[in-house]
Amino acid sequence: MVRLSCAVPRHPIAVSALTLATLFARPAWADDMPAEPASLYPADAVGEGSLSGGYALSRWAEDWRSKADPQQRDDLFDRLKYLPLDDDGDIYLTLSGEARVRVNYTTNLNLRNAGSQRQDINRLVGGADLHVGPHLRFYGEIAHGGMSGDNIGTPSGSLRNDLVLLQSFAELKGRVAGMDLGLRYGRQEFTDGPNLLTSQRDNNTIRYALNGVRAWARTGSLRIDAFDFKPTALGNGGIDDDKVEQGRRFSGFTAGIRIPEKALGGSELYLDPFFWRLRTSEALWGGVTGRVERFYAGARLWGEVGPVNLDWTVNHQFGDFDGRAISAWQLFFNQSYKLPGDLPMAPRVGFHADYASGGGTFEGGTLKAAYAPFGNNIYYSYQLCMTPTNLKTLAPSLTLSPLKGVKATMEYQFAWRADENDAVYRANKSIFAGTQSVPGHKIGESIRAQITWSITPRLSFVGRYEHLDAGPVLSRAGYGNSDYLAGWLSFRF
């Protein structure tokens, strides 16, 4: 047994002048930073999300050791980013939190004259990251999600949840023979892959988390991460009703290759091959329930080459569903170009072009319909009426920065189905009933616009509008147009 002795107050949450004075006084260890080495492989490319202003989508990916120096703190919240628990500062605690309020308004719900829906949403998240020296850490995160409004039906546990233990893991890491090695065990977010395949699904009130183990080995130019997870099945009540989903398992590995900067005359590019396996004991597909084992073999090329930003993914899916062979493809190509010169509003133009195969769902034989493990469906539709299954899209876009801290993005999206004999699929893999029986390829066109305002480093506002113009396939099956309007205010520390 290892015993840790920490010099901590007996009443750390007592509100008193003495406690506050102690908390914000300059500690003696401030000039000696902990000997925790920086990652060999670039931190933004290890599959844990990129940093913006010190913040990451997964809060445990942040590094706040600089806040050990009082001169680097700007306000009260900065003090919470580095709380020493021993005299040397090797054992320290980082606290984090988020409060988000949001309103969603959707017309013609489910595209079928179901009236309008208004969702009034709030999310509260609190996290604690305990570092015990440079090699061991423990992270925990709880969350609350509230939802009310009109025509909201019965919200799932990812939309309304009294309290959930969202993440809880232990991590051991170190450097051996010039290589970073690590092991993380417990409930955790996982996004080591293309956004359309693996995502926290931040659009939900409660984000997507999995249970299991992740291990890695990294050098300055190469990495490999292996994992074995089961999802969390969320209830609506307290922590006790959020269980490990035993009938579903996601495992595999993702590698990374840092392409030399001189390869393309100055670039920051990464090639991430991956091989995954998704197993589900009871999966519903085309009205049939059966066991499915689906393998993903592919690669992602992403990064920047001068003014060009690109994110390309190709993957082949194979396996077995209820005794039937699986053979499917997904190809995602997203790129943008920053126009040269000192043009007003720093315009960036781009487009994404995507393909996800379909077929075999209803006629039997080989199942050719592609499927994403837990991807980011709002990429195609905030009405959640599209997913990368039997789908082709083309969407030109324009991004402007009209004011400091303000970014506006506009996109016009065309969508078709890849196989005329297969259905149009929603975000939850269910189909728009009847679309498999009507002719045509065109699903529809969408106008999409978003404004993001970074009011302060911690406070931001997002406003979004979408209009879906139903195409022949949806119209022939009895579906219509829909508008989506939303705004949300987020505060993080």
Side-chain angles (χ1 to χ4, degrees), residues 36 38-39 41-65 80-82 93-100 123-131 136-145 158 161 164-173 180 182-216 218 223 225-232 234 242 250 254 256 270 272 274 300 302 311 373-376 378-379 457-458 460 490-493:
E36 187 171 340
S39 173
Y41 204 80
D44 282 356
V46 297
E48 297 178 350
S50 61
L51 294 173
S52 177
Y55 293 101
L57 197 56
S58 293
R59 304 303 301 274
W60 43 260
E62 300 167 358
D63 183 355
W64 296 103
R65 283 174 290 162
L80 301 178
K81 309 312 290 182
Y82 200 100
L93 183 67
T94 294
L95 301 180
S96 60
E98 179 196 22
R100 186 181 79 174
R123 177 169 75 189
L124 298 173
V125 183
D129 195 358
L130 175 63
H131 292 254
L136 180 64
R137 72 191 291 204
F138 301 91
Y139 183 81
E141 186 175 81
I142 58 174
H144 163 81
S158 65
N161 203 310
V164 56
L165 181 61
L166 188 59
Q167 299 189 78
S168 176
F169 63 77
E171 178 183 288
L172 183 66
K173 65 180 181 179
D180 286 336
L183 179 72
R184 183 181 302 138
Y185 178 78
R187 182 171 294 178
Q188 57 194 278
E189 294 178 342
F190 178 82
T191 56
D192 193 5
N195 183 48
L196 284 167
L197 297 182
T198 62
S199 168
Q200 293 102 327
R201 294 184 169 177
D202 188 58
N203 183 61
N204 292 342
T205 312
I206 304 299
R207 298 212 300 245
Y208 193 81
L210 302 108
N211 306 269
V213 62
R214 177 179 181 179
W216 61 86
R218 300 163 184 163
R223 73 175 180 97
D225 285 62
F227 61 90
D228 186 18
F229 290 124
K230 294 179 180 179
T232 305
L234 297 172
D242 304 309
F250 182 51
T254 302
Y270 302 90
D272 294 351
F274 56 87
R300 177 191 182 203
W302 63 281
D311 194 335
F374 48 95
N376 184 18
I378 60 173
Y379 184 84
R458 292 194 172 91
S460 64
S490 301
F491 176 81
R492 296 181 299 178
F493 69 85

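Heavy-atom basis, side chains included; hydrogens, waters and symmetry copies ignored.
- Counting heavy atoms from C-beta on, the side chains of S58 and Y139 never come closer than 4.5 Å.
- When every heavy atom of G212 is checked against every heavy atom of Q188, the shortest pair comes out as O-NE2, 3.5 Å.
- When atom types are taken as modelled, the side chain of T191 and the backbone of T198 share no donor-acceptor pair closer than 3.5 angstrom.
- To the nearest 0.5 Å, atom CD of residue E141 and atom CZ of residue R207 are 6.5 Å apart.
- Expressed to the nearest 0.5 Å, how far CZ of R300 lies from OG1 of T254 amounts to 10.0 Å.
- Within the cation-pi definition used here (under 6.0 Å to the ring centroid, within 45° of the axis), R201 qualifies as a partner of Y208.
- Residues D180 and Y41 form no side-chain contact, since every pair of their non-hydrogen atoms from C-beta on lies 4.5 Å or further apart.
- Classification of R218 and D225 as a salt-bridged pair holds, one side-chain N sitting under 4.0 Å from a carboxylate O.
- One N or O on the side chain of K81 and one on the backbone of L95 form a donor-acceptor pair closer than 3.5 Å.
- Scanning all heavy atoms of the two residues, the minimum distance from A215 to L183 falls at CB-CD1, 3.8 Å.
- Between F250 and F227, the distance separating the two ring centers is shorter than 6.0 angstrom.
- A donor-acceptor pair under 3.5 Å is formed between the side chain of R123 and the backbone N or O of N204.
- Here the side chain of R187 pairs no donor or acceptor atom with the backbone of A209 at under 3.5 angstrom.
- Of the possible donor and acceptor atoms, none in the side chain of D228 sits under 3.5 Å from a partner among the backbone N and O of V213.
- Rounding to the nearest 0.5 angstrom, the gap separating the CG atom in L166 from the CD1 atom in I142 is 10.0 Å.
- A side-chain donor-acceptor contact under 3.5 Å links D63 to the backbone of R65.
- Between R59 and T94 the shortest side-chain heavy-atom distance does not fall below 4.5 Å.
- Taking the centre of each ring, W64 and Y82 stay at or above the 6.0 Å mark.
- D192 has a carboxylate O that lies under 4.0 Å from a charged side-chain N of R214, or vice versa, which qualifies the two as a salt bridge.
- Remark: the backbone N or O of R137 is not paired with any side-chain donor or acceptor of E171 at under 3.5 angstrom.
- Interatomic distance, CZ of R492 versus CG of L57, reported as 8.0 Å (0.5 Å rounding).
- Between P42 and Y270, the closest side-chain pair of non-hydrogen atoms falls below 4.5 Å.
- Between the CG atom in N195 and the CG atom in N376 there is a gap of 4.0 Å [rounded to 0.5 Å].
- Without hydrogens or angle criteria, E48 side chain to V46 main chain gives no donor-acceptor distance under 3.5 Å.
- The only member of V125, N161, D242 that meets side chain to side chain contact (heavy atoms under 4.5 Å, CB included) when paired with I206 is N161.
- Expressed to the nearest 0.5 Å, how far CZ of F493 lies from OG of S96 amounts to 6.5 Å.
- The two residues A61 and A56 make their nearest non-hydrogen contact at CB-CB, 3.9 Å.
- At least one side-chain heavy atom of R458 sits less than 4.5 Å from a side-chain heavy atom of Y55.
- If you run ring-ring contact (aromatic ring centres under 6.0 Å, His included) between F169 and each of W60, F229, F190, only W60 comes through.
- You'll find the side chain of L210 stays beyond 4.5 Å of the side chain of T232, heavy atoms only.
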